[in-house]
Number of protein chains: 2
Amino acid sequence: MSDACDFRGLLERHQVRVTPLRLAVLEALGSASRAFRVREILAHIRRRRRVHKVTVYRILEDFSQRGFVRKIPVEGKAARFELACEHHPPHPHFQCRACGEVECLEPVPLEQVWQELRGPLGHRADRLEIRVAGLCRRCRRARGEP
Amino acid sequence: MSDACDFRGLLERHQVRVTPLRLAVLEALGSASRAFRVREILAHIRRRRRVHKVTVYRILEDFSQRGFVRKIPVEGKAARFELACEHHPPHPHFQCRACGEVECLEPVPLEQVWQELRGPLGHRADRLEIRVAGLCRRCRRARGEP
DNA sequence: AATTTTTTTCAACCAAGTTGCAAAATATCA
DNA sequence: TGATATTTTGCAACTTGGTTGAAAAAAATT
Ligand SMILES: [Mn+2]
Ligand SMILES: [Mn+2]
Ligand SMILES: [Zn+2]
Ligand SMILES: [Zn+2]
């Protein structure tokens, strides 16, 4: 789980003032190698201190703008957030249709897809997201399927 | 766009009773080759008759379950819906970061990506979604960029 | 026609996310 | 140092998208 990341340094490098809350948000995101709901981040932080949800929303918004946090749209209403620093390059995600959980997958080479997509596009495209949907192992077993 | 689709037949083939509202939802979805917000579908239908939003939500939910409508998660809280009949095979989508608009892109071959993704996955994956993000032409021009 | 089943509506609710502004904390400068 | 400006956080109130349960309306079945 990315103990490798130096959060303090990350903030400084991006010219963002280091505050306890900003650090706490990064630590929450770094606490597991997956994408978190805001409410999970809040819960994580609140084990140690008090925060207001607005603050966390604003911090996450700011970090995504600056590009060192990724906001991942998924099925259902709560978006997910994950670290996007050097240690966490873009990668596809799997989402279970039944329980809604999101799992990070290994990066896949996308040059080919990019090529097909970028060419004919009149837009400036700068990000490619892949989402795989299906039934996760747990949910499949819970239904008695092999 | 897609006058080719026989909505009445589509419903019958899927053993869904044909009702004016269900037809109206399909017609709204078929009215342009793009993915719609629920509120857009509502507006479209309301030009001719009255509907309650709950009904449309339930119809869309039902249709997506049955697989002839696709629900597309995007950035922002309102999901998009589009036809998923024979005439509308799966394809990537482009979403503008500035205005939020979603545009359908031409299908791309994904065997390669599927292969990489399906193999190591302990899950039953049955759907692969691609979302390209960036700045659309209009928004780019509006900012004075070439 | 009477009964059952399906479809649509209504009212009330919930959760995620946003807004404007005040309070607190932190930085800057006299 | 203390006074002032700036940044960060918190609070309350709100908006938007979507959901729930049960009643009313419509349609199918007998
Ligand atoms: Mn991830
Ligand atoms: Mn589409
Ligand atoms: Zn699952
Ligand atoms: Zn745009």
Side-chain angles (χ1 to χ4, degrees), chain A residues 7-8 11-12 14-28 35-46 48-66 69-81 95 97-100 102, chain B residues 7-8 11-12 14-28 35-46 48-66 69-82 95 97-102:
Chain A
F7 297 135
R8 192 164 239 108
L11 290 176
E12 278 160 3
H14 283 86
Q15 335 238 39
V16 183
R17 245 191 283 279
V18 178
T19 74
L21 269 183
R22 299 211 245 243
L23 277 179
V25 167
L26 289 179
E27 270 153 26
F36 295 89
R37 279 173 264 252
V38 172
R39 103 165 82 96
E40 296 172 312
I41 299 172
L42 276 169
H44 190 278
I45 299 177
R46 283 176 177 152
R48 321 199 130 256
R49 55 180 339 293
R50 63 193 291 271
V51 224
H52 199 276
K53 63 169 183 170
V54 174
T55 311
V56 170
Y57 275 109
R58 294 210 258 239
I59 289 179
L60 287 168
E61 173 66 20
D62 180 35
F63 287 2
S64 332
Q65 293 264 44
R66 295 177 191 272
V69 158
R70 261 188 299 266
K71 183 175 185 178
I72 303 162
V74 293
E75 177 127 10
K77 28 188 178 177
R80 312 293 171 116
F81 294 85
Q95 185 176 24
R97 196 186 307 300
C99 65
V102 175
Chain B
F7 297 135
R8 194 165 238 108
L11 291 176
E12 278 160 4
H14 283 86
Q15 334 238 35
V16 183
R17 244 192 285 279
V18 178
T19 73
L21 268 182
R22 298 211 247 243
L23 277 179
V25 167
L26 290 178
E27 270 153 27
F36 294 88
R37 279 174 265 252
V38 172
R39 97 165 88 95
E40 297 172 312
I41 300 173
L42 276 170
H44 190 279
I45 299 178
R46 282 174 177 154
R48 320 201 129 256
R49 52 180 342 292
R50 63 192 292 269
V51 225
H52 199 277
K53 62 169 182 171
V54 174
T55 312
V56 170
Y57 275 109
R58 295 213 252 241
I59 289 178
L60 286 169
E61 172 66 21
D62 179 36
F63 287 3
S64 330
Q65 293 264 42
R66 295 177 192 270
V69 158
R70 261 188 300 268
K71 183 177 184 176
I72 303 163
V74 293
E75 178 126 9
K77 29 187 179 178
R80 312 293 172 115
F81 294 86
E82 68 181 5
Q95 185 176 26
R97 194 186 309 299
C99 65
E101 279 313 295
V102 175

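Below, read A as the first sequence line, B as the second, and so on, with proteins coming before strands; counting in each chain starts at 1. Everything quoted here is computed from the prediction, not taken from an experiment.
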What's B:Arg37 touching, base or sugar-phosphate or nothing? Going by heavy atoms closer than 4.0 Å.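 The answer is nothing, as B:Arg37 stays clear of every strand by at least 4.0 Å.
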Taking [X] for its side chain and [Y] for its backbone only, find out whether a donor-acceptor pair lies under 3.5 Å.
X       : Y       : answer
B:Ser64 : B:Leu60 : yes
B:Arg46 : B:Val51 : yes
A:Gln95 : A:Glu75 : yes

Return the value, rounded to whole Å, for the distance between atom [atom1] of [X] and atom [atom2] of [N].
X       : N      : atom1 : atom2 : answer
B:Gln15 : C:dT7  : CD    : P     : 13 Å
A:Ile59 : D:dT7  : CD1   : P     : 16 Å
B:Leu42 : C:dT9  : CG    : P     : 10 Å
A:Leu60 : C:dA16 : CG    : C1'   : 13 Å
A:Leu23 : D:dT8  : CG    : C1'   : 14 Å
B:Phe63 : C:dT7  : CZ    : C1'   : 12 Å
A:Arg49 : D:dT9  : CZ    : P     : 8 Å
A:Glu75 : D:dG17 : CD    : P     : 17 Å

Any side-chain N or O of A:Thr55 under 4.0 Å from OP1/OP2 of D:dG10?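 True: A:Thr55 side-chain N/O within range (under 4.0 Å) of D:dG10 OP1/OP2.
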With a cut-off of less than 4.0 Å, is there a side-chain N or O of A:Arg50 near OP1 or OP2 of C:dA24?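 Answer is no, no contact under 4.0 Å.
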B:Asp62 and side chain to side chain donor-acceptor pair (under 3.5 Å): which partner among B:Arg58, B:Gln65, B:Arg66? B:Arg66
How would nucleotides 18-30 of chain D be written as a contact map, 5' to 3', with B for base contact, S for sugar-phosphate-only contact and - for no contact, using protein heavy atoms under 4.0 Å? BBBBB-----S--
Could you list the residues that satisfy salt bridge (Lys or Arg N to Asp or Glu O under 4.0 Å) with A:Arg8, not counting sequence neighbours?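 Salt bridge (Lys or Arg N to Asp or Glu O under 4.0 Å) check on A:Arg8 returns nothing, list empty.
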List in chain and number order the residues that pass ring pair (Phe, Tyr, Trp, His ring centres under 6.0 Å) with B:His52, two or more places apart in sequence or in another chain; answer none if no residue qualifies. none
Under a 4.0 Å threshold between the charged nitrogen and the carboxylate oxygen, would B:Glu27 count as salt-bridged to B:Arg22? no
